[in-house]
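Okay, so here's the structure we're looking at.
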Amino acid sequence: MIAAAALRKRHFHAMNLQRIRVILRAKVAVHKGRGMSEPILGITNWMHLFRWIVKLIRDEYGVDEKVLTRNAVLDGGIGLTAEQLEQVLDHIAETFELTFPENTLNETVRLEDLCTLTAWMRGLFKKPDFVTPPFEERCRSLNNVPA
């Protein structure tokens with residue numbers, strides 16, 4: 001009797017594991033088809049995007065959130081090297097399916113600039129004031145920036 005109960009329990013756990021695997025495979029397939037990961041689907045404005053970028057920098061590079069304010073200067077103000085800033089740009093570009101023009105970090109001085117630029121390129125924000133006509137042209141040539 002005890003052996004039969006143990007077998008039923010083992011079979012129950014095996015069936016549950018199989019169901020979990022099927023569900024996880026389905027979710028992975030859905031995410032691959034979407035192009036964007038689930039955490040960024042809820043980003044509907046530049047402030048959500050700002051928060052996402054702050055979390056990225058905090059989690060990937062260990063920068064204290066108190067440093068990551070809107071007016072934080074990217075080059076030297078948040079404690080990341082130029083190479084790390086390029087990695088942040090690459091991560092943002094890959095996640096949001098964007099291509100940043102060459103020398104983007106020369107155009108974006110503050111953390112807020114990077115966020116509003118990304119939001120504009122994704123159609124979540126008006127064109128930021130710091131975007132010059134030549135830089136706007138480069139952004140539009142590389143991306144499908146809404147008008």
Side-chain angles (χ1 to χ4, degrees), residues 6 9-147:
K9 187 175 182 181
R10 215 178 290 150
H11 178 73
F12 176 77
H13 287 298
M15 292 301 292
N16 280 342
L17 284 174
Q18 183 61 27
R19 286 184 191 129
I20 290 169
R21 284 187 190 115
V22 168
I23 291 168
L24 288 176
R25 277 191 213 115
K27 286 188 176 203
V28 167
V30 167
H31 285 292
K32 283 183 180 177
R34 260 191 206 145
M36 287 195 270
S37 65
E38 188 69 32
I40 66 166
L41 291 177
I43 295 177
T44 58
N45 62 45
W46 82 269
M47 283 303 293
H48 291 150
L49 182 62
F50 179 83
R51 190 74 196 124
W52 184 90
I53 292 173
V54 165
K55 287 179 182 178
L56 168 70
I57 296 170
R58 177 198 68 197
D59 294 348
E60 294 295 318
Y61 300 97
V63 177
D64 188 355
E65 280 191 55
K66 293 176 185 169
V67 174
L68 301 172
T69 64
R70 290 169 56 171
N71 292 317
V73 177
L74 291 173
D75 189 17
I78 60 174
L80 296 182
T81 65
E83 182 179 297
Q84 290 171 321
L85 287 171
E86 288 290 340
Q87 290 171 351
V88 168
L89 275 184
D90 291 343
H91 189 88
I92 294 168
E94 182 180 319
T95 301
F96 291 95
E97 300 172 342
L98 296 171
T99 303
F100 287 105
E102 202 172 305
N103 298 321
T104 294
L105 291 173
N106 294 338
E107 300 285 336
T108 55
V109 175
R110 300 172 301 141
L111 187 55
E112 181 180 28
D113 298 343
L114 176 59
C115 295
T116 56
L117 174 68
T118 304
W120 169 65
M121 291 169 63
R122 287 293 302 162
L124 301 173
F125 193 71
K126 64 180 176 54
K127 184 182 83 168
D129 295 336
F130 69 87
V131 174
T132 61
F135 187 66
E136 177 182 3
E137 186 177 315
R138 288 187 307 192
C139 289
R140 289 186 186 280
S141 70
L142 296 170
N143 301 283
N144 185 16
V145 178

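Model, not experiment: these values are computed from the prediction. Counting begins at 1 with the first residue of the sequence.
- Summarising the geometry, atom CZ belonging to R138 is positioned 8.0 Å from atom CD belonging to E102; distances are rounded to the nearest 0.5 Å.
- Between C139 and W120, the shortest heavy-atom distance links the atoms CB-CZ3, 3.7 Å.
- For L142 against P101, the heavy-atom pair with the smallest separation is CD1-CA, 3.6 Å.
- Between the CG atom in L80 and the CD atom in E86 there is a gap of 11.5 Å [rounded to 0.5 Å].
- Within the 4.5 Å cutoff, the side chain of L89 has heavy atoms near those of the L114 side chain.
- Residues L49 and F125 form no side-chain contact, since every pair of their non-hydrogen atoms from C-beta on lies 4.5 Å or further apart.
- Residues V109 and F130 have side chains not in contact (no heavy-atom distance under 4.5 Å, counting atoms from C-beta outward).
- Scanning both residues, R70 and F50, for their nearest heavy atoms gives N-CZ, 3.7 Å.
- Between H91 and W52, the angle of the ring planes stays under 30°, which puts this pair in the parallel group of the 30/60° scheme.
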Output, in order, the C-alpha distance, side-chain angles, deciding distance and verdict of side-chain contact (heavy atoms from CB on, under 4.5 Å) for I57 and L111.
CA-CA 11 Å; I57 296 170; L111 187 55; 4.0 Å; yes
Checking L105 against D75 for the side-chain contact (heavy atoms from CB on, under 4.5 Å) test, could you report, in this order, the C-alpha distance in whole Å, the side-chain angles of both residues, the deciding distance, and whether it holds?
CA-CA 8 Å; L105 291 173; D75 189 17; over 6 Å; no
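- A distance of 8.0 Å separates CD1 of I43 from CD1 of I53, quoted to the nearest 0.5 Å.
- Of the possible donor and acceptor atoms, none in the side chain of N143 sits under 3.5 Å from a partner among the backbone N and O of V145.
- Contact check for I78 versus L85: side-chain heavy atoms found under the 4.5 Å cut-off.
- Within 6.0 Å of the CG atom in D129, the count of heavy atoms belonging to other residues, nucleotides or ligands does not exceed 12.
- The shortest distance between side-chain heavy atoms of F100 and T108 does not fall below 4.5 Å.
- Contact of the R110 side chain with the D113 side chain is registered, since non-hydrogen atoms from C-beta on lie closer than 4.5 Å.
- E137 CD: 12 or fewer foreign heavy atoms inside a 6.0 Å radius.
- The salt bridge (charged side-chain N to carboxylate O under 4.0 Å, His left out) search around E136 returns K127, R140, not counting sequence neighbours.
- More than 12 heavy-atom neighbours from other residues, nucleotides or ligands sit within 6.0 angstrom of CG on D90.
- At most 12 heavy atoms of other shown residues, nucleotides or ligands fall within 6.0 angstrom of atom CG in N144.
- Looking only at side-chain heavy atoms (C-beta outward), V131 and T116 stay at 4.5 Å or farther from each other.
- Interatomic distance, CG of D59 versus CD of E65, reported as 8.0 Å (0.5 Å rounding).
- For the pair T132 and E107, the minimum side-chain heavy-atom distance is below 4.5 Å.
- Of the inter-residue distances, the one linking E112 atom CD with M47 atom CE reads 8.5 Å to the nearest 0.5 angstrom.
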Run F96 and M121 through side-chain contact (heavy atoms from CB on, under 4.5 Å) and show every step you take.
CA-CA 9 Å; F96 291 95; M121 291 169 63; over 6 Å; no
